[in-house]
There are 2 protein chains.
Amino acid sequence: MKASFMAARLDRTDLKILRLLQNNGRLSNAELAETVAISPATCHRRTQRLFEDGFIAAVRAMIAPKKVAKGTLVMVGVVLDRSTPESFAIFEQAVAKLKFVLDCHLVAGDFDYFLKIRVGDMEDFNRIHGEQLIALPGVRQTRTFFVMKEVVDNAPLEF
Amino acid sequence: MKASFMAARLDRTDLKILRLLQNNGRLSNAELAETVAISPATCHRRTQRLFEDGFIAAVRAMIAPKKVAKGTLVMVGVVLDRSTPESFAIFEQAVAKLKFVLDCHLVAGDFDYFLKIRVGDMEDFNRIHGEQLIALPGVRQTRTFFVMKEVVDNAPLEF
DNA sequence: GCGGCCATGAAAGAAGCTTTCATATATTGG
DNA sequence: CCAATATATGAAAGCTTCTTTCATGGCCGC
C-alpha cells in the first residue's frame, strides 16, 4: 500500500533505463543491464517497477506512415457552435472514435480544438473532411492546415 | 537486389504482426508467433524483414509525461519574416535542436509552422517562449495555444 | 511438367528470462 | 547509538525463448 502513495522518485539508474527504452523499446534485459551497469536480476526488477508504476505507459512499434498509405499529415483547427461543457463532451466523444485522428486537444485561443490527422492523400482528406469532420457534433467551422513538410514528428520526450 | 526495389507488399500476417507490435512493442517472438499462428522461426524472419524494410521505424517506450515533469502541452503557430527557402531552412535547423519541440511542421495557411511543445508548466513555457521561441531565426510572430485538455494524444496509427 | 525461387516449420545449441535466496544497505523507532 | 525492520542487490539455476541451420513443399515462369 505504501508504494502506491509514494511518488517513487527515480534515481540515475531508472532514468537511464527509461531513456534507453525510449530509444529502443526492444532492448533485452541483458543488454539493458549491461549498459546501465547493474545485474540482470536488478535490472529486471527495476524495469518491471517502471512499468507497474506507470512511468512507461506503453511500448509501441512506430509504423512508418508512408509505408502504410498514411503519408499525408493535416492539422485542423476546430471551432464549436457553443462553448458549453456538454457541447465539448459530445464533440470529444465523437472525435475519439475517428481512427485517423492522432491528436485532439482542447486549447485556449482562436480555436476550441486542434486535431492532427493522418490520411493517404489530399483526396482522401477532402472526402473525410466533408463526410466526417464538418459532420462532427457542434462544429461551427474548421480551418485546415496541410502539412507540406514534416520537420520533426513525434520526437522522443526529453527529461 | 530485387527486394530493395520491390514494394514488398504486406500480407495478412505481416499486418497482424505490425498491429500487435504497435500495441505492445515488447511482445516476445514466441507470443507473436502464437498469436498470428505461425512458427517462431517464420515469425522471427517476418518481423526482422519488417524492421529491415523500414515498416517499423523504431520501437519506443512511451514515457508518461506527467511522471517526468512534462505535463504541460502547448501548440504554437509561427510566422516567419520572409518566405524564402533559405529562411525556412535556417528556421528548421534551429528548431530541430530544441529538445522540448515534439512536432514541427511546415504548413499551408495562416502560419508557416506549427509546433507541439512539452514543458513542465506554464511558467516554464513562458520562460522558454521568451528566451528561445521568439529568438528563433526569422520569427515574425508566434501564436500560443495552451492545451487545456488532452483528449487524444499520439494515438496509434490505424492502417 | 520442370527447374528455380522463396517461404515454411522442425530441431537444437546458445542466449536470455525470471525466480529464489542469502547478503548488504538504508530507514525507522527507541 | 543501536536494534529492528524494510528494501535493494547479485549470484545461481531451472526454465523459456531466440535464432540459426536444414530439409521439405508450394508457386511461378518457361
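Numbers restart at 1 for each chain; the letters A, B, ... are given by sequence-line order, proteins then strands. Note that the structure is a prediction, hence the values are computed from the model and not measured.
The separation between B:Asp11 atom CG and D:dC27 atom P is 14 Å, rounded to whole Å. A straight line from CD of B:Gln48 to P of C:dT8 spans 14 Å, rounded to a whole angstrom. The CD1 atom of A:Ile38 sits 7 Å away from the P atom of D:dT9 (whole-angstrom rounding). The CZ-C1' distance, from B:Phe51 to D:dT19, rounds to 15 Å in whole Å. Between the P atom of D:dG10 and the CD atom of A:Glu34 lies a distance of 14 Å, rounded to the nearest Å. Taking atom CZ of residue B:Arg46 and atom C1' of nucleotide C:dA7, one finds them 8 Å apart after rounding to whole Å. The CG-P distance, from B:Leu32 to D:dC18, rounds to 9 Å in whole Å.
Annotation for A:Arg127: atom CZ counts as buried by contact number, over 12 foreign heavy atoms lying within 6.0 Å.
Considering only side-chain atoms of A:Ser39, the nucleotide from D:dC18, D:dG10, D:dT20 that sits closest is D:dG10.
Comparing A:Ala37 and B:Glu31, the nucleotide of DNA chain D nearest to each residue sits closer to the 5' end for A:Ala37. Along DNA chain C, the nucleotide nearest B:Arg26 and the nucleotide nearest B:Arg45 are compared for position; the residue whose nucleotide lies closer to the 5' end is B:Arg45.
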| task | Assess whether side chain to side chain contact (heavy atoms under 4.5 Å, CB included) is satisfied between A:Asp112 and A:Ser83, documenting all intermediate values. | result | CA-CA 8 Å; A:Asp112 289 316; A:Ser83 294; 4.2 Å; yes
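Looking at B:Asn154 and A:Asn154, their side chains do bring a donor and an acceptor atom within 3.5 Å of each other.
For the pair A:Arg19 and A:Phe159, the cation-pi criterion (under 6.0 Å, within 45° of the ring axis) is fulfilled.
OP1 or OP2 of D:dG10 sits under 4.0 Å from a side-chain N or O of A:Thr42. Phosphate proximity of C:dT18 to A:His44: present, with a side-chain N or O under 4.0 Å from OP1 or OP2.
Residue A:Ala41 is classed as a base contact, given a heavy-atom separation below 4.0 Å to a base.
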